[in-house]
Amino acid sequence: AGSGSCCRNRQILLTIFDVERIQRATGSHDFYVYEMPEPDYIKQDDDPIWNVITLLDDGSRRVLKRRPGGDCRFLYRNDCSLSIEARPLICRIHPYLYDETVLQGIHAACPIFRRPDATSILEQTKMPVHKADAWRRQLYHELIIEKAQRAGDLATRSSSEFLHSHGFNKDKYRSPE
């Protein structure tokens with residue numbers, strides 16, 4: 001539960017594995033599109049591999065469809081209609097900021113950020129740090145595997161070999177058990 005502000009007027013990135021989880025949960029196949037990222041998105045430089053692993057060759061990325069007003073198609077009454085297990089990893093991690101190696105804190109735009117008891121609230125809403133960090137690792141794991149599959153690099157190598165050959169430490173991206 002929350003204000004839903006993170007679900008409004010934002011492109012919500014989906015991994016191919018997010019797509020599969022949402023399809024299983026909803027039976028729908030018509031909930032995502034490929035769009036060019038918003039200009040500020042491309043300019044971000046806090047995570048050097050993010051654009052490399054999230055953008056397709058044509059510069060677009062897979063995102064949730066939005067309603068005409070800009071809301072996420074799964075947002076209802078300031079909450080997500082998807083179960084936590086079916087939600088995109090990006091949504092599960094929010095409002096935490098992160099990069100490929102670590103959670104960096106709570107996003108300043110989130111109303112929770114302004115509260116002194118923010119961590120307690122996140123724990124109460126089932127968004128504890130340890131889960132967010134596991135989802136962060138899973139997100140990078142899925143994005144890197146998908147990028148490798150698109151590049152054809154997994155046809156002859158394991159995902160660990162792919163990660164190592166591209167300078168990534170596979171332990172950083174291990175999917176949570």
Side-chain angles (χ1 to χ4, degrees), residues 1-29 31-35 37-38 41 44 46-47 49-51 53-55 61-67 70-115 117-147 159 168 170-177:
S3 68
S5 61
C6 55
C7 310
R8 293 187 165 93
N9 298 309
R10 302 221 196 285
Q11 290 178 321
I12 300 172
L13 177 78
L14 296 173
T15 71
I16 192 66
F17 304 98
D18 285 329
V19 169
E20 291 170 4
R21 285 186 290 268
I22 294 169
Q23 285 174 341
R24 279 194 307 272
T26 65
S28 174
H29 297 276
F31 55 85
Y32 66 92
V33 294
Y34 292 89
E35 293 180 353
E38 295 157 350
Y41 184 87
Q44 66 86 23
D46 57 335
D47 187 346
I49 72 163
W50 187 254
N51 285 338
I53 61 176
T54 61
L55 298 178
R61 61 196 188 127
R62 185 184 313 104
V63 296
L64 280 175
K65 283 185 176 179
R66 292 179 271 182
R67 292 194 190 113
D71 287 358
C72 169
R73 68 173 287 146
F74 295 112
L75 179 65
Y76 294 98
R77 297 190 179 127
N78 294 331
D79 202 2
C80 184
S81 63
L82 296 171
S83 69
I84 194 73
E85 296 81 17
R87 287 181 194 169
L89 289 167
I90 292 280
C91 300
R92 293 187 219 179
I93 298 167
H94 191 81
Y96 293 101
L97 295 170
Y98 53 90
D99 65 19
E100 65 176 307
T101 60
V102 68
L103 291 177
Q104 300 169 337
I106 299 171
H107 197 287
C110 181
I112 290 175
F113 178 78
R114 297 185 265 305
R115 297 186 54 138
D117 57 344
T119 303
S120 173
I121 289 171
L122 291 171
E123 296 285 336
Q124 292 170 28
T125 59
K126 298 184 174 108
M127 295 173 65
V129 173
H130 74 278
K131 282 188 179 181
D133 195 49
W135 292 326
R136 176 197 57 80
R137 288 190 317 272
Q138 182 179 353
L139 173 66
Y140 278 85
H141 177 81
E142 290 183 10
L143 288 169
I144 290 167
I145 294 300
E146 183 176 352
K147 179 73 172 180
S159 59
F168 301 122
K170 68 181 171 81
D171 292 331
K172 287 192 239 177
Y173 308 104
R174 187 163 287 145
S175 185
E177 306 301 322

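Just so you know, these numbers use all the heavy atoms, side chains as well, and skip hydrogens, waters and symmetry mates.
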Chemist: To the nearest 0.5 Å, tell me how far Cys80 SG sits from Leu75 CG.
Modeler: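 Interatomic distance, Cys80 SG to Leu75 CG, rounded to 0.5 Å: 7.5 Å.
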
Chemist: What distance do Arg21 atom CZ and Leu14 atom CG have between them, rounded to the nearest 0.5 Å?
Modeler: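 Interatomic distance, Arg21 CZ to Leu14 CG, rounded to 0.5 Å: 9.5 Å.
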
Chemist: Please report the interatomic distance CZ(Arg73) to OG1(Thr26), rounded to the nearest 0.5 Å.
Modeler: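 Reported to 0.5 Å precision, the distance equals 7.5 Å.
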
Chemist: Quick one, Ile145 and Glu142 - any side-chain contact, counting heavy atoms below 4.5 Å?
Modeler: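 Side-chain contact under 4.5 Å: no.
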
Chemist: Decide yes or no for Asp18 and Ile90: does some side-chain heavy atom of the first lie under 4.5 Å from some side-chain heavy atom of the second?
Modeler: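 No, their side chains stay 4.5 Å or more apart.
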
Chemist: So which atom in Ala132 and which in Ile93 form the shortest heavy-atom distance, rounded to 0.1 Å?
Modeler: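 Distance-wise, the nearest heavy atoms are O-CG1, 4.0 Å.
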
Chemist: Using modelled atom types and a 3.5 Å cut-off, is there a donor and acceptor pairing between side-chain atoms of Arg92 and backbone atoms of Arg87?
Modeler: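 Pair found, side chain donor or acceptor close to backbone of Arg87.
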
Chemist: Once you round to the nearest 0.5 Å, how far does CG of Leu13 lie from CD1 of Ile53?
Modeler: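 It is 9.0 Å, given to the nearest 0.5 Å.
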
Chemist: In Å and rounded to the nearest 0.5 Å, what is the CG to CZ distance from Leu143 to Phe17?
Modeler: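 Those atoms lie 9.5 Å apart.
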
Chemist: Any heavy-atom pair between the side chains of Leu82 and Phe31 that's under 4.5 Å?
Modeler: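 Phe31 vs Leu82: side chains apart.
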
Chemist: What closest approach, in Å, do Leu55 and Lys147 show between heavy atoms, and which atom pair accounts for it?
Modeler: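 Here Leu55 and Lys147 meet closest at O-NZ, 3.9 Å.
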
Chemist: Using a 3.5 Å distance criterion without hydrogens, assess whether the side chain of Glu146 forms a donor-acceptor pair with backbone atoms of Thr15.
Modeler: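 Checked: no pair found.
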
Chemist: Could you measure the distance from the CD1 atom of Ile144 to the CG atom of Leu139? Nearest 0.5 Å is fine.
Modeler: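 The CD1 atom of Ile144 sits 9.0 Å away from the CG atom of Leu139.
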
Chemist: Does the side chain of Ser28 reach to within under 4.5 Å of the side chain of Ile22, using non-hydrogen atoms?
Modeler: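 Result no, sub-4.5 Å side-chain heavy-atom pair not found.
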
Chemist: Out of the candidates Arg66, Arg61, Lys65, only one should pair with Glu35 under the side chain to side chain donor-acceptor pair (under 3.5 Å) rule; please name it.
Modeler: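 Of the listed options, the one satisfying the test is Arg66.
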
Chemist: Going by side-chain hydrogen bond (donor to acceptor under 3.5 Å, both in side chains), name the residues that satisfy it together with Arg67, two or more places apart in sequence or in a different chain.
Modeler: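 Partners of Arg67 by the side-chain hydrogen bond (donor to acceptor under 3.5 Å, both in side chains) criterion, ordered by chain and then number, come out as Tyr76.
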
Chemist: Output all residues satisfying side-chain hydrogen bond (donor to acceptor under 3.5 Å, both in side chains) with Gln23, sequence neighbours left out; order by chain, then residue number.
Modeler: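 With neighbours one apart ignored, the set is His29.
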
